[in-house]
Amino acid sequence: MHVDDNAPPVSPHACMVADLCRHIEHAEPPPTLAELAVKAGLSPYHLHRVFKAVTGVTPSDYARAHRARRVRDALPGAASVTQALLDAGYASNSRFYEESNEVLGMTPTAYRAGGAAMQIRFAIGQSSLGAILVAQSTRGVCAILLGDDPDLLLRDLQDRFPKAHLIGGDADFEQTVAHVVGFIEAPRIGLSLPLDLQGTAFQLRVWQALRSIPAGQTASYSDVAQRIGSPSAVRAVASACAANPVAVAVPCHRVLRIDGSISGYRWGIERKRALLLREAAAATGA
DNA sequence: GGTTCTCTGCCGC
DNA sequence: GCGGCAGAGAACC
């Protein structure tokens with residue numbers, strides 16, 4: 001997938017951390033910090049910091065998130081809830097139920113019943129920035145995608161929600177799209193629709209921070225990293241921006257390089273430039 | 001309730 | 001860039 005127009009070069013650290021992530025995913029009891037340190041050839045202290053700087057989360061957070069993902073994947077097809085969570089690596093039933101609300105946003109049984117067949121309405125329209133796809137789950141807007149080719153936008157939506165039941169061409173929903181297009185043309189008015197954002201804990205923190213940047217203002221990636229309390233996680237912030245599923249509603253276009261130059265944009269750098277120009281004009285004029 | 005592991009601020013090389 | 005300590009907190013038994 002095309003994520004960043006000019007992604008920074010991959011550092012040796014990033015490669016090493018990527019290896020460790022794969023190791024965490026495959027090891028059966030999750031590896032301890034000390035074990036990971038041996039594998040990386042670093043001290044546990046330093047490894048911990050490096051890992052967090054690259055990914056934005058600690059190794060144990062990463063392991064927890066991966067375990068949670070495994071349950072989510074296993075739950076819909078599992079023989080029982082208990083079987084699914086034991087398979088995913090939870091030691092016991094009670095351990096999982098303690099955090100199930102955080103992991104699933106609902107009880108495990110409800111998730112198993114309804115989560116897999118999540119219904120998503122979508123429509124594709126045109127805005128001054130080109131083609132736009134808006135999608136909405138029962139909880140809120142879950143995707144706003146921009147591009148040149150409507151077919152590619154639809155394929156992107158399918159990739160993001162492979163198990164969902166996608167419903168297009170709904171007349172009622174066209175109104176919602178018109179609403180979102182209006183918001184794209186004038187972001188300052190705000191989007192009065194609820195968002196349904198799915199992401200890792202770290203991504204959600206970043207997206208929340210982005211939403212606090214008002215139209216007409218910008219921030220650097222390290223500003224955002226500081227704002228969420230992980231000042232060294234600059235690269236991870238950039239990745240989270242690139243993973244933003246709702247263009248403009250989570251204003252990742254307001255994040256610039258530290259020297260103020262425009263860095264990459266998931267939906268094309270020209271769109272980022274256009275959005276920023278428009279917002280700056282609205283801020284000074286009128 | 002004690003132990004072990006995790007996490008972070010601070011410092012030294 | 002890297003290692004290590006101190007001390008607090010969470011997880012585990």
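Residue numbers start from 1 in every chain, and the chains themselves are labelled A, B, ... in the order their sequence lines are given, proteins ahead of strands. All values reported here derive from a predicted model rather than from experimental measurement.
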Rounding to an integer number of Å, can you tell me how far A:F51 CZ sits from C:dC2 C1'? 18 Å
Report the distance from atom NE2 of A:H48 to atom P of C:dC5, rounded to the nearest whole Å. 17 Å
Ignoring hydrogens and geometry, is there a side-chain-to-backbone donor-acceptor pair from A:D196 to A:S137 under 3.5 Å? no
Think A:Y45 has a side-chain N or O under 4.0 angstrom from the OP1 or OP2 of C:dC5? yes
Of the candidate nucleotides C:dG1, B:dC7, B:dT6, which contains the atom at the shortest distance from the side chain of A:H46? C:dG1
May I have the distance from A:Q226 (atom CD) to B:dT8 (atom C1'), rounded to whole angstrom? 16 Å
From the list B:dT6, B:dC7, C:dC5, which nucleotide is the closest neighbour of the side chain of A:P59? B:dC7
Looking at A:T58, does any N or O in its side chain come under 4.0 Å of the phosphate oxygens OP1/OP2 on B:dC7? yes
How close or far is atom P of B:dT6 from atom OH of A:Y62, stated in whole angstroms? 17 Å
Whole Å only: how far is the CD atom of A:E35 from the P atom of B:dT4? 16 Å
Please state whether the rings of A:Y265 and A:W267 are parallel, tilted or perpendicular, taking 30° and 60° as the class boundaries. perpendicular
Among B:dC7, C:dG1, B:dT8, the one nearest A:R49 by side-chain distance: B:dT8
Between A:L33 (CG) and C:dG3 (P), how many Å, whole number? 12 Å
Short side-chain to backbone donor-acceptor contact, A:D223 and A:S220, under 3.5 Å: yes
Does OP1 or OP2 of B:dT6 have a side-chain N or O of A:K52 closer than 4.0 Å? no
Between C:dC12 (P) and A:F96 (CZ): distance, integer Å: 15 Å
Salt bridge A:E25-A:R22, side-chain N to carboxylate O under 4.0 Å: no
